[in-house]
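First the structure, in the form of structure tokens, and then the observations on it.
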Amino acid sequence: MPLTQPEWFPDLEAWWLPAVGDTVARHVEPVGIDGSGRLHLRCSSSAWRTQTRLLGTAFTAQVNEVLAPAAQISGILVQAVSGPLPQIIRDQWSDIVGEDLAGQVQPVMLGAQGQELCTLAASAEARDEAVRRAPLALARIRELIGEQCAITRWPPSSLLPVVVLVTGSVHVSDRQAVEDVLLQTWHDSVEAFGTEHALILEHGCETPVDRFVDEWVASMRLPNDAGLVSAPMTADTARHYDQAVTTRDQQMVDRRPDLCLAIVRHTDEVLPLEKQARDAGIPVQRVHLP
């Protein structure tokens with residue numbers, strides 16, 4: 001279905017930024033409007049794609065509130081993870097920003113219809129240094145890409161999120177105990193990394209613990225940019241169930257999360273995702289809920 005961009009669409013700062021906030025706007029980019037009036041969005045990662053789908057109804061209402069009475073959208077459709085970043089930027093990143101900063105700031109995508117370079121920083125210090133180097137970096141990018149380069153801005157980087165895989169035994173049914181563990185995990189994340197780093201809780205969709213994570217985050221009723229995200233990852237059910245879950249779990253592990261939180265009922269239980277994470281060298285924290 002072809003997409004269009006109405007007269008009001010290109011000025012994202014007038015409607016998209018006020019509707020969703022700065023943090024979301026850096027990771028979720030409007031692409032166009034389809035024939036059914038749905039706003040198509042492109043996200044910087046699978047976690048943001050999942051979160052945007054979960055917040056689709058809220059985003060629709062917020063966008064319509066900003067646009068009214070001039071325009072309205074009928075809903076939101078989330079496209080595949082964005083990948084428009086020119087490969088030459090990835091290949092030459094050390095040359096663009098300097099070797100000392102290249103490992104601390106990652107290029108992610110282009111936003112604002114290809115005019116903004118969106119990046120993630122490992123720390124506030126790296127983010128601030130990137131701001132200082134932005135004019136020279138943008139000049140180098142224009143030199144590499146040539147006259148067709150549309151990139152004119154490099155806004156301050158978002159900070160890399162803290163990603164925690166959450167896996168739970170099918171025998172765990174104490175919602176309050178699980179919520180207490182999640183609250184402590186959030187507190188520990190803030191203590192270790194600060195409030196500017198979002199906490200993304202990645203999990204499956206098969207167990208009561210998976211459901212508790214989703215419902216706990218929703219019950220907090222936090223603003224969209226509050227920095228706490230539930231990211232349920234579905235398995236490809238077209239495949240054999242066990243194989244599909246194993247493949248999905250391996251993909252989660254391959255993204256190198258910061259921690260795997262394993263919530264078990266019995267001390268001798270070893271959960272499949274827990275084992276995969278441990279085998280990959282990812283720290284595992286076991287919580288025993290008798």
Side-chain angles (χ1 to χ4, degrees), residues 3-33 39-45 47-49 51-52 59 62-63 66-67 76 78-161 196-198 223-225 227:
L3 302 180
T4 62
Q5 294 188 354
E7 184 178 348
W8 50 266
F9 189 93
D11 190 4
L12 299 181
E13 293 187 1
W15 63 276
W16 181 240
L17 189 60
V20 301
D22 184 66
T23 299
V24 173
R26 288 180 187 171
H27 294 277
V28 184
E29 179 189 12
V31 179
I33 308 291
L39 173 63
H40 286 235
L41 301 173
R42 188 164 50 203
C43 304
S44 64
S45 69
W48 276 104
R49 186 171 74 243
Q51 185 70 358
T52 302
F59 283 171
Q62 290 160 204
V63 167
V66 173
L67 290 176
I76 279 174
V78 183
Q79 295 185 352
V81 176
S82 176
L85 190 72
Q87 186 61 41
I88 194 170
I89 292 181
R90 297 190 191 278
D91 293 342
Q92 300 293 323
W93 187 240
S94 293
D95 176 59
I96 291 169
V97 300
E99 291 187 5
D100 59 325
L101 191 60
Q104 298 294 311
V105 179
Q106 303 174 7
V108 177
M109 61 179 283
L110 298 183
Q113 286 78 55
Q115 298 178 37
E116 285 188 354
L117 174 64
C118 301
T119 54
L120 289 172
S123 66
E125 292 77 13
R127 176 194 60 197
D128 296 343
E129 181 60 28
V131 169
R132 286 190 284 272
R133 300 188 191 185
L136 289 177
L138 289 171
R140 179 59 177 146
I141 288 172
R142 287 191 290 270
E143 180 183 324
L144 289 169
I145 296 178
E147 294 182 358
Q148 70 271 28
C149 179
I151 305 170
T152 59
R153 299 187 297 277
W154 181 10
S157 304
S158 298
L159 296 189
L160 279 168
E196 291 189 86
H197 291 263
N224 297 331
D225 59 355

What are the two closest non-hydrogen atoms of L160 and A122, and how far apart are they?
-> CD1-CA, 3.7 Å

Heavy-atom neighbours of E13 CD exceed 12 at 6.0 Å | no

What distance do T152 atom OG1 and Q115 atom CD have between them, rounded to the nearest 0.5 Å?
-> 5.0 Å

Which pair of heavy atoms, one from P107 and one from L85, lies closest together, and at what distance?
-> CB-CD2, 3.6 Å

When every non-hydrogen atom of A25 is compared with those of W16, the smallest separation belongs to CA-NE1, 3.8 Å

R142 to I151 - nearest heavy-atom pair and separation | NH1-O, 3.8 Å

Report yes if the side chains of L117 and I141 come closer than 4.5 Å at any heavy-atom pair, otherwise no.
-> yes

Just do the side-chain contact (heavy atoms from CB on, under 4.5 Å) check on W93 and V105 with the steps written out, would you?
-> CA-CA 9 Å; W93 187 240; V105 179; 4.1 Å; yes

Is T4 close to F9 at the side-chain level, that is, under 4.5 Å between some pair of heavy atoms?
-> no

Can T52 and V24 be said to form a side-chain contact (heavy atoms from CB on, under 4.5 Å), step by step?
-> CA-CA 9 Å; T52 302; V24 173; 5.5 Å; no

V28 versus F59: any side-chain heavy-atom pair under 4.5 Å?
-> no

Compare every heavy atom of V31 with every heavy atom of Q5, then report the nearest pair and how far apart it is.
-> NE2-O, 2.9 Å

Rounded to the nearest 0.5 Å, how far apart are CG of L159 and NE2 of H197?
-> 4.5 Å

Value for CG (L138) from SG (C149), rounded to nearest 0.5 Å, stands at 8.0 Å

Determine the minimum heavy-atom distance between A126 and S123, stating which atoms define it.
-> N-OG, 3.1 Å

From CD (Q62) to CH2 (W15), nearest 0.5 Å | 12.5 Å

Within-4.5 Å side-chain heavy-atom neighbours: P30 and L41 | yes

What's the spacing between L136 CG and E143 CD if we round to 0.5 Å?
-> 11.0 Å

Stepwise, does the side-chain contact (heavy atoms from CB on, under 4.5 Å) test hold for T119 with V97?
-> CA-CA 12 Å; T119 54; V97 300; over 6 Å; no

State the OG-CD distance between S158 and E196, to the nearest 0.5 angstrom.
-> 10.0 Å

Does any non-hydrogen side-chain atom of S157 lie less than 4.5 Å from one of V108?
-> no

Heavy-atom side-chain contact between H27 and V20 under 4.5 Å = no

Mark yes when over 12 heavy atoms from residues, nucleotides or ligands other than Q87 sit less than 6.0 Å from its CD; otherwise mark no.
-> yes

